[in-house]
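The model shown is predicted, which means the values in this text are computed figures rather than measured ones. Within every chain, numbering begins at 1; the chains are lettered A, B, ... in the order of the sequence lines, protein sequences first and strands thereafter.
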Number of protein chains: 2
Amino acid sequence: MHSVGSMTYEAFNRQVMVSLEDICLEIFNDDTSTIKIKNPKIGVKKLVKIIEAALKLSNEKGFHAMSLRELCQESGMSMGGLYAYIESKDDLPRIIHDQGRRILGKVMSENLEDIRDPAQRLEMAIRIHLYLSERMLPWFYFAYMETRFFSTDVKQMSMSNELYTEKIFEKIVEDGCKSGIFAQVEPVFTASIIKAMLQDWYLKHWKYKNRKVSVDDYADFVISWVNGFLIAS
Amino acid sequence: MHSVGSMTYEAFNRQVMVSLEDICLEIFNDDTSTIKIKNPKIGVKKLVKIIEAALKLSNEKGFHAMSLRELCQESGMSMGGLYAYIESKDDLPRIIHDQGRRILGKVMSENLEDIRDPAQRLEMAIRIHLYLSERMLPWFYFAYMETRFFSTDVKQMSMSNELYTEKIFEKIVEDGCKSGIFAQVEPVFTASIIKAMLQDWYLKHWKYKNRKVSVDDYADFVISWVNGFLIAS
DNA sequence: AAAAAAATATCGAGCGTTCGCTATATTTTT
DNA sequence: AAAAATATAGCGAACGCTCGATATTTTTTT
């Protein structure tokens, strides 16, 4: 069994390798119908640039307000060139969500699979989620703020993503309650509120940055709060 | 001193009168330079329709994606008619924020002014904020989701709004710590997290509606969680 | 290994459409 | 009839998107 007491953001960064290139290669190989580029070396490199530029501009001024001409300038390509990678502007959110979903799923399951104790599992889940959102902040922000604008299928993809995370916390709390380690609480409610705390980190990032609160500080505080409720009460 | 134990959403609705007409009359009287309508009876009525329509469409598809032609159709007026009430599309967020800020400030201060006990004061602040956000859900959603897109002055107005609320909670927690009623906690952190919980109510409203969680249920749960942390630990 | 040919990737001007906005005409109210 | 409010037609600009031309890379031939 793992010892999770010493997990920090620094350790997370050393341990968890999520290369944007790797994920973009997967997307490149999957989306052969929309991506008209053959050479993976070229395609992946540009895909990375497109996603980074789209996230940057969308988070600054909103996806709708971002024009494709701006996106071209930011990612260093032309209108025509861009359209070798997407079929329409609405393709972008799908590509971006694809990328995030793959990483989130991979990292969460990898880090939780061999921790059995509910309290340790809960702490690890909270830390991993916070650390990953710190590392992929633009993606988390985008996924939260822009989802409501998109087509039904992208919206559903995003919602299932959200429920996936929430279910993880529900399950842990439920197990902890059953085994008597946690107090008898409502798992659905509890998971909701834990999630709200985790989201506050990436939605109000500027606030915590201004106050010089590190992600480790925040993680410690959330965990102490959750434990205060689940164990003391 | 008030007894706050029995405060419910129903009681809030009976007690707290926030008429959209009244607020729009105030806006109408203040914005004489931008609003070119003379007759208050006509002007206020249309102003209400414009605000309601703008909130509805913005929350559905985003402020940027909402065209003024759609807004005209939804509010039952023509392009020319609309421009008797606004100088530009960017006027709308300012008017909407104006309206919300007035109500929020009024309701919060009115309901908190004569409660001294920190625990009661905290509970009342949580309930009032939740109940008000339930009643003015489109406004709260709009204020949260669209702020980042707007001009500097509207953005600052919105941020000062946010800090105003946060300061209320900070102050209460601080007082409670000093007087020994609450455990020794970090007021800034604690206020942040309480705020995150309150925001979750109006940001994820569909989720709680699906689960048939009423705003009273949610308020009870938040308060029990906060008390669990502030008093038990 | 150099040259020619083919395949791949990039470019940017320009398409039709819709945007925010306004000048002018018309209707309604006083 | 004067004033106030509304409706309409249309402006220039910017939008998403396309397409023929061009540059670059890879493959084939000599």
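- Between A:L68 atom CG and C:dA13 atom P there is a gap of 17 Å when expressed in whole angstrom units.
- D:dA2: Watson-Crick or G-U partner is C:dT29, with both key distances under 3.5 Å.
- Here the NZ-CD distance, from B:K207 to A:E166, works out to 3.5 Å after rounding to the nearest 0.5 Å.
- When only modelled atom types and interatomic distance are considered, B:Q99 and B:W139 share no side-chain donor-acceptor pair under 3.5 Å.
- When rounded to the nearest whole Å, the span between OH of B:Y83 and P of C:dG20 equals 7 Å.
- Atom-to-atom, NZ of B:K89 to P of D:dC15 comes out at 13 Å; the value is rounded to the nearest Å.
- Taking the six-membered ring for Trp and the full ring otherwise, B:Y202 and B:Y141 have centroids separated by 6.0 Å or more.
- The NZ-P distance, from B:K38 to C:dT30, rounds to 14 Å in whole Å.
- Nearest heavy-atom pair across B:F28 and B:I37 is CZ-O, 3.4 Å.
- When the C1' atom of D:dA5 is taken as reference, atom CD1 of B:I35 falls 14 Å away, rounded to whole Å.
- Within a heavy-atom distance below 4.0 Å of DNA chain D, the residues of residues 39-54 of chain A found are A:N39.
- Distance A:D90 CG to D:dC17 C1': 12 Å, rounded to the nearest Å.
- One interatomic measurement links the two molecules: CD of A:E87 to C1' of D:dC19, which rounds to 16 Å at whole-angstrom precision.
- Every residue meeting the side chain to side chain contact (heavy atoms under 4.5 Å, CB included) condition with A:D217, not counting sequence neighbours, appears here in chain and number order: A:V213, A:S214.
- Note that CD1 of A:I103 is 4.0 Å distant from CE of A:M136, once rounded to the nearest 0.5 Å.
- Although no hydrogens or angles enter the test, the distance criterion places a donor-acceptor pair under 3.5 Å between the side chain of A:K89 and the main chain of A:H64.
- Checked against the 6.0 Å centroid criterion, the rings of B:F140 and B:H129 qualify as a close aromatic pair.
- D:dC15 atom P lies 14 Å from atom CG of A:L82, rounded to whole Å.
- Within residues 69-81 of chain B, the residues that have a heavy atom under 4.0 Å from DNA chain C are, in order of number, B:R69, B:M79.
- Between B:F149 and B:F63, the ring centre distance reaches or exceeds 6.0 Å.
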